[in-house]
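Below you'll find the structure, written out as structure tokens, and then a few comments.
Proteins come first, then strands; the chains are lettered A, B, ... in the order of their sequence lines, and each starts at number 1.
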Amino acid sequence: MWARIEGGIVRELTDADPAGRFHPSIEWLPCPDDVAIGDAYDIHGFGPPPAQTREEAKVVREINVARIRVTTTAGYEFDGDEVSQNRMARAILGLSAAAPGTTINWTLADNTVIQADVAELTEALMLAGATQAAMWGLPT
Amino acid sequence: MTAPSKNFTSIADAAIDSGSPLTAELMTQIRDSLVHLEEWLGKDYIAAQNHSHNGIDSALIAIGPNWMRNGGFEDGLSNWTTLAYTGGTVGITNSNETEGIQGAFISSTVAANGGGYLNSDEYIPVIAGQVRQFMVTVMASGSTVPIKAQAIWYDDAKAQISVDTIINITTSPTTSRLVVRRISSPATAKYVRVKLELPPGAGGTGSVYFDGVTVGLPHMLGGEQVFTGNGTFSAVWGDVIATVQGGGAGCDGTTNGGGGGYASGPVTTSADITVTVGASVSNASGNSSSFGSLMSATGGTKGAGTGATGGTGTGGSINISGSNGAAGGASFLSGSTPADSNGSNYGGGAVGGGGSNRTGAQGIVIVRW
């Protein structure tokens, strides 16, 4: 087995001898069969994948936050990303000032539209906020 | 052109039978017809009893795109000067030819001596500094029998200037290969000749076969081979244009895949070339594509945001990196990829964001000659 190393990381593996098959500028090293793509490589040899950096974790968190979806007890699935949370907060504020029982057209994650009241939106907002809070911690 | 000064008259049989008189009119018609024929042939024509082919009264001229006379050896060894080294033989084969019904062979029985050579006799005019194309088919009886072909350049006094290699190998093909080389003539070159040789001192004994020698203006032959999977390129040896696209990286739901690298340009081969095509991958860095050791393009990498870097190209006259995954994982042969989708076309990196694994597009290798 041979590994292509790039930036200290195993990027590619091949079981066919790469000699003569690739441009000499591409670095291939013989490696044990248990080496996997993503493993680290340094002067000590091959090792487990390096820990995720804080910046990488922030990028992953941003993607995950953008994918938040929550389901209320009524069975409605809401988008829970930060933009959706802002919209829900504004709607809750407005409905709170309106007559009791007032509703608003709300588009759910599957693009169906419901008549949402303050209670429904408040539950969705709380669930979204809790989900985001759970994923906010990062490695130091 | 001026018309003949006398008319040609067709004399009737009745005017020259035994009873016909020799009239002034008849004699005038005979004389005028001769004058007419002489002037029609050309007033400056110098008559000769035999029409000669001595290269002065009349000479062969090269016609067609091949300036090498008898490059296919259909006229035997005409136009070629041969020399057999000690233990060697130079001759014509009609069992190992590539084109027509004859080719040339050189055999050796002593590896250290080699077999011999064929030199083309004619000094083919060239324009100094311009590229000329040389083609020849070659094969050997065994893979260790060496093959050598050269372009020899001469100045206006027909003194040798320098030598360029058309092919010079010690690991030879045992089935016919077409060698195509495009070579710039030296700054003072006026003529070129071709030398074919089984050289001394390298490899084993046996026979080598040459056929279809051509010299002409440089041109592509119209050949193209597209590899979407691993393979071997053996269509021609020599000057080809290769394009190599690395595979795009795949990704999982929270990462991206960079686009594969790209390289393209002319390369010169002297053997069959192993072609590697980066396969498509899900949730992993892209695989490299390669045209042997001459040109490669790595796959994109899988990573978070801009950490999903594009692959790189090496060995081409144009080398382009794929874009990073955050920018859509584009390669030179693909557009950028929208979020949460597989890589597109060839070398496109996948882009995550939807929670599912996505697949980077495979690479591709294209060879033209």
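The 12-atom threshold is exceeded at CZ of B:Phe291, counting heavy atoms of other residues, nucleotides or ligands nearer than 6.0 Å. No more than 12 heavy atoms of other residues, nucleotides or ligands lie within 6.0 Å of CD in A:Glu62, so this atom counts as exposed by the packing criterion. Annotation: A:Met135, atom CE; neighbour count of heavy atoms from other residues, nucleotides and ligands within 6.0 Å is above 12.
Heavy-atom minimum distance, A:Arg11 versus B:Lys302: NH1-O, 4.2 Å. Across every non-hydrogen atom of A:Pro24 and B:Ser293, the tightest pair is CD-O, 3.3 Å.
Against chain A, no residue from residues 359-369 of chain B qualifies, as none has a non-hydrogen atom under 4.5 angstrom away. Among residues 253-274 of chain B, the residues having any heavy atom closer than 4.5 Å to a heavy atom of chain A are, in sequence order, B:Gly253, B:Thr254, B:Thr274. For residues 25-50 of chain A, the interface with chain B (any heavy-atom pair closer than 4.5 Å) comprises A:Ser25, A:Ile26, A:Ile37, sorted by residue number.
Neither the backbone nor the side chain of B:Thr312 comes within less than 4.5 Å of any heavy atom of chain A.
Going from atom CG of B:Asp340 over to atom CZ of A:Arg67 covers 8.5 Å, rounded to the nearest 0.5 Å.
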Margin query: Between B:Ser288 and A:Phe22, is the side-chain contact (heavy atoms from CB on, under 4.5 Å) condition met? List the steps.
Written below: CA-CA 9 Å; B:Ser288 299; A:Phe22 294 92; 3.8 Å; yes
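Ranked by heavy-atom pairs under 4.5 Å with chain A, the first of B:Val281, B:Val275, B:Asn287 is B:Asn287.
Residues meeting the salt bridge (charged side-chain N to carboxylate O under 4.0 Å, His left out) test with A:Glu6, sequence neighbours left out: A:Arg4.
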